[in-house]
Amino acid sequence: MAQLRRDFFAAGAHRIAEELIGATLLVDGVGGVLVELEIYDQNDPASHSYRGPTARNASMFGPPGHAYVYRSYGIHWCLNFVCAEPGEASAILVRALEPTHGVGQMVERRGRDNPLELCAGPGRVCQALAVTGRLDGLPLDRPPFELLARDSEPEISRSPRIGITRAQERPWRLCLAGSPYLSRGPRRG
DNA sequence: CACAGGATATACT
DNA sequence: GTATATCCTGTGA
């Protein structure tokens, strides 16, 4: 598998997200296969970047190929990949992984061992991979991050995004079709 | 199934 | 300043 360079992200988030389903994400050697992603672009009322830069979302307006990590509901962390298309600040939210590397460490960090729930949800992914605000703004092609391109093209299913109230109709949740590691079933948005 | 937990942002007074 | 909403999850009913 080839390491993805950060200029891979200097394109539209929609196209990039399709190419990332099935790729492998590691943080300090711990991680797995990306099976669920959501797209947020600047023309999107549900995106943090919609109303312009703030202290929290500054990374979304920085160079593509970097991480945007934000605190969710005051408790959890959520990891995004910053993308860029002309005139936009867009990002891809990592919602679920299929655990493949360092499963023991993930179980230890999460305090739970159900493999189907280890990384099924954006907050769980960050807990299992020890992603916190200290990684906000860091490049994705340097340690502790590692992104490996997929070997073959998977079947992708699209559905509405989760946990938002605006622009719910946009089918910008991308899943690896049939994966049991999703944060929710492939149906029902 | 309902809801607490609690950072960050926005919309009000 | 207060109030309300949010890219969520574990716990207890």
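Letters A, B, ... mirror the listed sequences (proteins, then strands); counts begin at 1.
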Quick one, Trp172(A) with Asp44(A), criterion side-chain contact (heavy atoms from CB on, under 4.5 Å). Give me CA distance, side-chain angles, the key distance, then yes/no. CA-CA 11 Å; Trp172(A) 290 353; Asp44(A) 175 6; 3.7 Å; yes
Requested in this report: Check the pair Glu117(A), Arg112(A) against salt bridge (charged side-chain N to carboxylate O under 4.0 Å, His left out), reporting the backbone distance first and the verdict last.
Outcome: CA-CA 8 Å; Glu117(A) 292 182 354; Arg112(A) 273 148 218 280; 6.0 Å; no
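The cationic atom of Arg170(A) (NZ for Lys, CZ for Arg) does not lie both less than 6.0 Å from the six-membered ring centre of Tyr40(A) and within 45° of the ring axis.
In this structure, Ile162(A) atom CD1 and dA5(C) atom C1' are separated by 18 Å, rounded to whole Å. At whole-Å resolution of the value, CD1 in Ile164(A) and P in dC8(C) are 9 Å apart. As rounded to whole Å, 17 Å separates atom P of dT6(C) from atom CG of Asn57(A). Straight-line distance from the CZ atom of Arg95(A) to the P atom of dT6(C): 15 Å, rounded to whole Å. The distance between atom CD of Gln168(A) and atom P of dC7(C), rounded to the nearest whole Å, is 11 Å. Atoms CG (Leu79(A)) and C1' (dC8(C)) sit 15 Å apart, rounded to a whole Å. To the nearest angstrom, C1' of dT6(C) lies 15 Å from CH2 of Trp77(A). Between Asn80(A) atom CG and dT6(C) atom C1' the separation is 14 Å, expressed in whole Å.
Distances were taken from every side-chain heavy atom of Leu93(A) (C-beta onward) to each of dC7(C), dG10(C), dT10(B); the shortest belongs to dC7(C). Checked against dC8(C), dT11(C), dA9(B), the side chain of Tyr73(A) finds its nearest nucleotide in dC8(C). Taking only side-chain atoms of Ile75(A), from C-beta outward, the nucleotide of dG5(B), dC7(C), dA9(B) with the closest atom is dG5(B). Side-chain atoms of Arg124(A) lie closest to dG10(C) of the nucleotides dA9(B), dC7(C), dG10(C).
Residues Arg5(A) and Asp141(A) are not paired through a salt bridge, judged by the lack of any N-O separation under 4.0 Å between the basic side chain and the carboxylate. Salt bridge Asp136(A)/Arg71(A): absent, no basic N to carboxylate O contact under 4.0 Å.
Between Arg110(A) and dG10(C) there is a side-chain polar atom (N or O) within less than 4.0 angstrom of OP1 or OP2. OP1 and OP2 of dC7(C) both lie 4.0 Å or more from every side-chain N or O belonging to Ser72(A). The phosphate of dA5(C) has neither OP1 nor OP2 within less than 4.0 Å of any side-chain N or O from Arg166(A). Remark: His48(A) is not in phosphate contact with dA9(B), judged by side-chain N or O atoms under 4.0 Å from OP1 or OP2. A close approach under 4.0 Å does not occur between any side-chain nitrogen or oxygen of Arg51(A) and OP1 or OP2 of dA5(C).
Of the options Arg95(A), Met106(A), Glu98(A), a side-chain contact (heavy atoms from CB on, under 4.5 Å) to Cys119(A) is made by Met106(A) and by none of the others.
Once the 5.5 Å centre distance and the 30° plane angle are applied, the aromatic ring of Tyr40(A) is found stacked with the base of dC7(C).
Sequence order on DNA chain C of the closest nucleotides to Thr165(A) and Pro122(A) puts Thr165(A) first from the 5' end.
For CD of Glu169(A), the number of neighbouring non-hydrogen atoms (other residues, nucleotides, ligands) closer than 6.0 Å is greater than 12.
Tyr70(A) contributes a side-chain N or O that forms a donor-acceptor pair with the base of dC7(C) under 3.5 Å.
Using C1' as the reference atom, dC7(C) and dC1(B) are 23 Å apart when rounded to the nearest Å. One P atom belongs to dA5(C), the other to dC3(B), and the distance between them is 15 Å to the nearest Å.
Rounding to the nearest 0.5 Å gives a distance of 8.0 Å between SG of Cys78(A) and NE2 of His48(A).
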Dot-bracket for DNA chain C, 5' to 3', Watson-Crick and G-U pairs with both distances under 3.5 Å, [ ] for crossing pairs, | for partner on another strand, reads ||||||.|||||.
